[in-house]
Amino acid sequence: MKKIICISLFTVIAFSQPPGGPPENHEKARMMKKWKLIEYLDLNEEQSEKFFIQLNAFQKEMKTIHKKNKKLQEDIHDMLEDNKVNEKKVDELIDEYFNNESGILELRHTHHKEIGSVLTAEQTIKYVIFDHKFKKKMKDQLLDKRSHRGPGPPP
């Protein structure tokens, strides 16, 4: 019953506003994801507190890297628009891109190793697959909802 209520609540929150809506909707979605994570991992109160301290630090670092990637994309776009493509600059941008990607992998790996100090082995492996399962479930629900509406307006 608790699962049905959580899923129903998430569906209402997630689909009540169009994507890119107000920041409050993003916060509601993040909160729902945290609730689902607590439920899926079956975290006790002590684990939950320690886990989310580590998760928040991880997410903050990831956000920093994603900002760097966004700036990198803007630089690439500007370079292409201005027709100022040169080999040296391209090499620098490619190196920066792959350094960012390596940083993401290293950060994720470290985070998952550290999380093992808070979670049991079973919870750790569940955490590793949670994001994929969560996103797939939300995507499936969105597609299912769209299919019940019927085709959209003609092009």
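Only this structure's heavy atoms are used, side chains among them; waters, hydrogens and symmetry mates stay out. Keep in mind that this is a model prediction, so the values were computed, not measured.
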Does atom OH of Tyr97 have more than 12 heavy-atom neighbours, drawn from other residues, nucleotides or ligands, at distances under 6.0 Å?
no
Check for me, please, whether Leu105 and Ile94 land in the same ILVMFWY cluster - side-chain distances under 4.5 Å, paths through other members count.
no
Output the distance between atom NZ (Lys33) and atom NZ (Lys135), rounded to the nearest 0.5 Å.
5.5 Å
Would you check, one step at a time, whether the test side chain to side chain donor-acceptor pair (under 3.5 Å) holds for His77 with Glu81?
CA-CA 6 Å; His77 181 73; Glu81 272 196 351; 3.0 Å; yes
Check whether more than 12 heavy atoms from other residues, nucleotides or ligands sit under 6.0 Å from atom NZ of Lys126, and answer yes or no.
yes
Sequence neighbours excluded, which residues qualify as side chain to side chain donor-acceptor pair (under 3.5 Å) partners of Asn100?
Asn69
For this output row, return yes or no: ring centroids of Phe51 and Tyr127 closer than 6.0 angstrom.
yes
Mind running side chain to side chain donor-acceptor pair (under 3.5 Å) on Ser48 and Glu45 for me, showing each step along the way?
CA-CA 5 Å; Ser48 183; Glu45 192 173 326; over 6 Å; no
Do you know which of Asp78, Asp82, Ile76 makes side chain to side chain contact (heavy atoms under 4.5 Å, CB included) with Leu80?
Ile76
By the rule that ILVMFWY residues connect when side-chain heavy atoms come within less than 4.5 angstrom, directly or transitively, which residues belong alongside Leu143?
none
Using 0.5 Å steps for rounding, measure from the CD atom of Glu96 to the NZ atom of Lys71.
9.0 Å
For the residue pair Lys36 and Phe134, would you count it as a cation-pi contact if the rule is NZ or CZ under 6.0 angstrom from the ring centre and within 45 degrees of the ring axis?
no
Nearest 0.5 Å, please: how far is CD1 in Ile65 from CD in Glu61?
7.0 Å
For Glu49, does the CD atom sit with more than 12 other heavy atoms under 6.0 Å from it, leaving out its own atoms?
no
Please check: side-chain N/O of Asn99 versus main-chain N/O of Asp95, any donor-acceptor pairing under 3.5 Å?
yes
Glu46, CD atom: more than 12 neighbouring heavy atoms under 6.0 Å
no
In Å, rounded to the nearest 0.5 Å, how long is the span from CG of Leu119 to CD of Gln47?
6.0 Å
Charged N to carboxylate O under 4.0 angstrom, Asp75 versus Lys89?
no
With rounding to the nearest 0.5 Å, note down the distance linking CG in Leu55 to NZ in Lys60.
13.5 Å
